[in-house]
Amino acid sequence: MLEKAIEQVLLRASIPTLQAQAEALEKTNKAVAIRRIATGAAIALVAIGIGLGIKFALDRNPNLAGREPPIQAQATPDPASQPSAPTPRPPDITVARSDPPPSPPDIITTNFTKFANRQVELLGRNWTVSVGHHFDNEADTSWNQAWCYTLTKVNGVEVKVELADRKSPNAKPVAPTANLATMQHAGLDINDALALASRCPWSDKEFSVADLQIPASAKGPMPTPPVPQPSLPSPPPPQSQQEFIVADDFDIPGGDYRVEKEVSLELCTSLCRTDAQCRAYTYNKTARWCFLKDRLGEAQRFVGAFSGLKKTAPTAGNFNAQWR
């Protein structure tokens, strides 16, 4: 009896534990069932998606359906009993030949000038003597006209002095081609211009001073020729020239500050006498040009020039001795 009583007590005591275990087992079974249901639903959704994708693909391209035709039983012929089929000949392929690109047109430069330069020492200065040779086009072997010139600066201003000109390759240079006023403004006389013209760098030949052709229209006194030449008669000095030391066929180079053209000797003398800046003058009897001078260079003999020096000039005595 005691054992049964003890067993009953133990059973009663284990009832709550068993109930808890039963509840836990029930919850586990429910969770497993829910998981299985969710997995099945996911698989169903995937299957539905795959089916819809296949359907959409078939709707867009019906040719995908029935891509494999049904297999029909066919009799295989004996290769030995059948004539051999001719080998198909590839179609003729015509290759289009492209024409060569057109050659560029010949470009010929026309109406152009070639220049040559030379450095020349004269009067203690360095002169750049330049020659221009004009060609009709670049295919020409010879030029058709050429000219020579030099550039110098006077009081900061560039002065161009034309030295010589040639009309053809067979022609000798005509020099000088600048007028007397331009030459004297650059500090040159005709002899200096001829010396520079003889150094022009022509492309075909060189010319000496004796080869140069002096134009008849050249202004200024001409160089003394090697043989005596009759000089133009000197007009009698006017009364006003008593204030001057005068000399015929003499030039006073340099110092020109004023040039008067187409005037008489009397007017030239009067202009110098009434101008306090004027110390001397040179008159060109051929061109009738008057050059008033405020400084004096060394007197030089030139045929066709008439010069006067004020007696009040500091070097008047020296010039008087030179001219006599």
Side-chain angles (χ1 to χ4, degrees), residues 113 115-133 146-166 173-202 206-224 250-263 268 271-272 275 277-307 309:
T113 303
F115 289 92
N117 300 320
R118 174 180 290 171
Q119 301 298 321
V120 178
E121 291 287 340
L122 182 68
L123 302 176
R125 297 165 57 186
N126 188 25
W127 301 79
T128 300
V129 180
S130 304
V131 170
H133 303 85
W147 58 94
C148 180
Y149 64 93
T150 185
L151 298 174
T152 186
K153 284 191 175 181
V154 179
N155 298 327
V157 180
E158 192 171 61
V159 178
K160 182 178 181 180
V161 181
E162 301 287 349
L163 297 175
D165 188 17
R166 295 177 65 188
V174 176
T177 51
N179 57 50
L180 182 62
T182 301
M183 289 188 291
Q184 292 196 349
H185 185 61
L188 298 171
D189 56 27
I190 291 184
N191 283 335
D192 300 330
L194 291 175
L196 289 176
S198 66
R199 302 299 307 279
C200 294
W202 308 106
E206 299 284 340
F207 295 92
S208 64
V209 175
D211 296 328
L212 303 178
Q213 296 182 352
I214 302 175
S217 60
K219 304 297 183 179
M222 302 301 294
T224 304
F250 271 90
D251 175 34
I252 303 175
D256 301 334
Y257 73 92
R258 180 179 175 186
V259 179
E260 296 292 339
K261 303 178 182 180
E262 301 296 333
V263 298
C268 182
L271 291 174
C272 184
D275 191 345
Q277 184 180 354
C278 182
R279 300 176 60 187
Y281 67 89
T282 294
Y283 180 76
N284 185 304
K285 294 180 290 186
T286 303
R288 302 181 70 235
W289 283 23
C290 176
F291 301 90
L292 303 184
K293 304 173 181 292
D294 58 2
R295 54 186 173 85
L296 307 178
E298 184 178 355
Q300 297 180 359
R301 179 174 293 275
F302 280 99
V303 175
F306 187 92
S307 297
L309 172 68

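Every heavy atom of this structure was used, including side-chain atoms; hydrogens, water molecules and symmetry mates were not.
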If you compare all heavy atoms of [X] against all heavy atoms of [Y], which two are closest, and at what distance to 0.1 Å?
| X | Y | result |
| --- | --- | --- |
| Leu194 | Ala175 | CD2-O, 3.7 Å |
| Val161 | Ala178 | CG1-CB, 3.9 Å |
| Ala146 | His133 | CB-CD2, 3.9 Å |
| Gly187 | Leu123 | O-CD1, 3.7 Å |
| Ala164 | Ala197 | CB-CB, 4.3 Å |
| Val209 | Ala195 | CG2-CA, 4.5 Å |

Short side-chain to backbone donor-acceptor contact, [X] and [Y], under 3.5 Å:
| X | Y | result |
| --- | --- | --- |
| Ser198 | Phe207 | no |
| Tyr257 | Arg295 | no |
| Arg279 | Leu296 | no |
| Thr113 | Gly132 | no |

Hey, does [Y] have a side-chain heavy atom less than 4.5 Å from the side chain of [X]?
| X | Y | value |
| --- | --- | --- |
| Phe291 | Leu180 | yes |
| Val129 | Cys148 | yes |
| Trp127 | Leu163 | no |
| Glu121 | Asn126 | yes |
| Asp256 | His185 | no |

About how many Å separate [atom2] of [Y] and [atom1] of [X], when rounded to the nearest 0.5 Å?
| X | Y | atom1 | atom2 | result |
| --- | --- | --- | --- | --- |
| Phe250 | Phe306 | CZ | CZ | 12.0 Å |
| Trp147 | Cys200 | CH2 | SG | 12.5 Å |
| Gln119 | Thr128 | CD | OG1 | 3.5 Å |
| Asn191 | Leu196 | CG | CG | 11.0 Å |
| Gln184 | Asp251 | CD | CG | 6.5 Å |
| Asp294 | Arg258 | CG | CZ | 12.5 Å |

### Message
Determine whether Tyr149 and Thr177 satisfy the following criterion, side-chain contact (heavy atoms from CB on, under 4.5 Å), listing intermediate values before the conclusion.
### Response
CA-CA 9 Å; Tyr149 64 93; Thr177 51; over 6 Å; no
What I want to check is whether the side chains of [X] and [Y] have a donor and an acceptor closer together than 3.5 Å.
| X | Y | answer |
| --- | --- | --- |
| Glu158 | Thr152 | no |
| Tyr281 | Asp275 | no |
| Thr282 | Ser307 | yes |

